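Following: one structure in structure tokens, then a few remarks.
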Amino acid sequence: MRPWLVIVGVAFLLVGGGALLALLLAPAPSVTQQSTSQLDGQFTPASSTASATIPAANAARGTLVLHWSSTVPVAVDLLVPCAPRTFGCVSGPSLASWPANASGSFSFAGLLNQEYVLSWATPAGEPATFTFSAVARWTVQSSPPAADAIAEVASGLLAGVGAVALFLGLFLRGGFRRPPPMVSRTADDAAEVARATDPRTGTSDGGSGRPPPGPPSRSG
């Protein structure tokens with residue numbers, strides 16, 4: 001076990017894993033968009049029908065607010081247009097209607113369509129000047145910036161390095177670079193192993209050389 005590797009691995013794993021988890025769990029950035037449409041004082045002859053398109057967007061959640069007014073009571077309908085390529089469809093479902101009013105308001109929150117149709121019909125013998133304003137708002141999820149992607153990759157790499165360091169610190173044995181101890185396996189190498197492992201072993205020339213010559217002998 002290598003304690004310093006364990007400490008470094010745990011630190012890297014906590015920092016990298018925590019940062020990556022925070023980035024992944026953070027809500028995606030969103031942007032609120034809106035579309036505004038307005039009609040100021042359009043003259044509509046008597047006994048006639050006119051319409052205008054209110055643009056919006058296909059969104060799972062949004063709001064639509066409508067206000068309209070007329071100089072004389074008119075019949076007004078706010079319609080959802082027919083789906084594309086719908087055979088025999090003249091107009092879609094009605095969201096709101098006013099049979100004979102000089103003004104009206106409508107708002108709702110929920111699933112938005114790409115567009116809506118506002119239709120009004122003037123009574124017999126009375127022209128009208130019609131005005132309306134509408135605002136559609138919806139929220140779209142924007143793609144994360146490149147900096148977030150780079151941060152996620154860096155956090156994942158940091159956590160991976162920490163995991164490897166933790167694994168090595170737990171399972172790598174200490175002193176792995178030291179040579180294994182010498183062990184005598186046969187009687188022939190016992191003396192050699194003893195000399196190599198004896199701490200008192202040293203280089204000494206005592207008793208290994210020829211004795212110095214003595215004094216010359218004298219003959220009587």
Side-chain angles (χ1 to χ4, degrees), residues 17-156:
L20 181 60
L21 188 63
L23 289 172
L24 293 178
L25 294 181
S30 59
V31 178
T32 300
Q33 298 180 346
Q34 74 174 27
S35 175
T36 303
S37 53
Q38 187 171 346
L39 182 65
D40 292 327
Q42 176 173 318
F43 177 79
T44 308
S47 303
S48 63
T49 301
S51 63
T53 300
I54 300 175
N58 289 323
R61 185 70 180 177
T63 60
L64 177 65
V65 179
L66 168 68
H67 301 284
W68 65 269
S69 63
S70 174
T71 54
V72 298
V74 291
V76 179
D77 284 299
L78 178 62
L79 307 171
V80 178
C82 296
R85 301 178 182 178
T86 303
F87 179 76
C89 178
V90 178
S91 64
S94 175
L95 291 180
S97 61
W98 298 263
N101 295 67
S103 64
S105 297
F106 175 77
S107 65
F108 87 101
L111 179 66
L112 280 184
N113 282 54
Q114 184 67 34
E115 61 181 22
Y116 298 88
V117 175
L118 184 64
S119 172
W120 61 95
T122 56
E126 290 186 278
T129 301
F130 191 82
T131 300
F132 82 87
S133 63
V135 178
R137 291 188 179 89
W138 63 94
T139 301
V140 296
Q141 302 294 330
S142 61
S143 58
D148 288 352
I150 295 174
E152 290 178 4
V153 173
S155 301

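When a residue number appears, it is its place in the shown sequence, counting from 1. Hydrogens, waters and symmetry mates are skipped; everything else that's a heavy atom, side chains included, is used. Being a predicted model, the structure only gives us computed values, none of them experimental.
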Practice item. Apply side chain to side chain contact (heavy atoms under 4.5 Å, CB included) to L95 and Y116, showing your working. Key: CA-CA 9 Å; L95 291 180; Y116 298 88; 3.4 Å; yes

Given side chains that start at C-beta, do those of [X] and [Y] come closer than 4.5 Å, heavy atoms only?
{"X": "V140", "Y": "Q33", "result": "yes"}
{"X": "S37", "Y": "P55", "result": "yes"}
{"X": "V76", "Y": "N101", "result": "no"}
{"X": "T63", "Y": "F108", "result": "no"}
{"X": "Q34", "Y": "V135", "result": "yes"}
{"X": "L78", "Y": "L64", "result": "yes"}
{"X": "I54", "Y": "L66", "result": "yes"}

Study note, to complete from the structure: Between the CG atom in L118 and the OG1 atom in T53, the distance rounded to the nearest 0.5 Å is 9.5 Å

Check your understanding: Got a second to check how far F132's CZ is from S70's OG, nearest 0.5 Å?
Key -> 13.0 Å

Revision key, fill the gap. A57 and L112 have their tightest heavy-atom pair at O-CB, 3.1 Å

Point to revise | A96 versus S94, closest heavy-atom pair with distance | key: O-OG, 3.2 Å

Practice item. Using distance alone, with no hydrogens and no angle criterion, decide if N113 and E115 have a side-chain donor and acceptor under 3.5 Å apart. Key: no

Exercise for review: Could you tell me whether the side chains of H67 and S105 share a donor-acceptor contact shorter than 3.5 Å?
Suggested key: yes

Point to revise | Set of residues satisfying ring pair (Phe, Tyr, Trp, His ring centres under 6.0 Å) with respect to W138, sequence neighbours excluded | key: none

Practice item. Mark yes or no for whether T131, through its side chain, and G41, through its backbone, hold a donor-acceptor pair below 3.5 Å. Key: yes

Exercise for review: Spell out, as yes or no, whether a donor-acceptor pair under 3.5 Å connects the side chain of T71 to the backbone of T129.
Suggested key: yes

Exercise for review: Just say parallel, tilted or perpendicular for the rings of F130 and W68, cut-offs at 30° and 60°.
Suggested key: parallel

Please tabulate, for side-chain N and O atoms in residues 120-128, each donor-acceptor pair with protein atoms closer than 3.5 Å (sequence neighbours left out).
residue	atom	partner	partner atom	Å
W120	NE1	T44	OG1	3.0
T122	OG1	P45	O	2.5
T122	OG1	S47	N	3.0
T122	OG1	S48	N	3.1
T122	OG1	S48	O	3.3

Exercise for review: Let me see the working for S119 and T49 under side chain to side chain contact (heavy atoms under 4.5 Å, CB included), right down to the final yes or no.
Suggested key: CA-CA 7 Å; S119 172; T49 301; 3.6 Å; yes

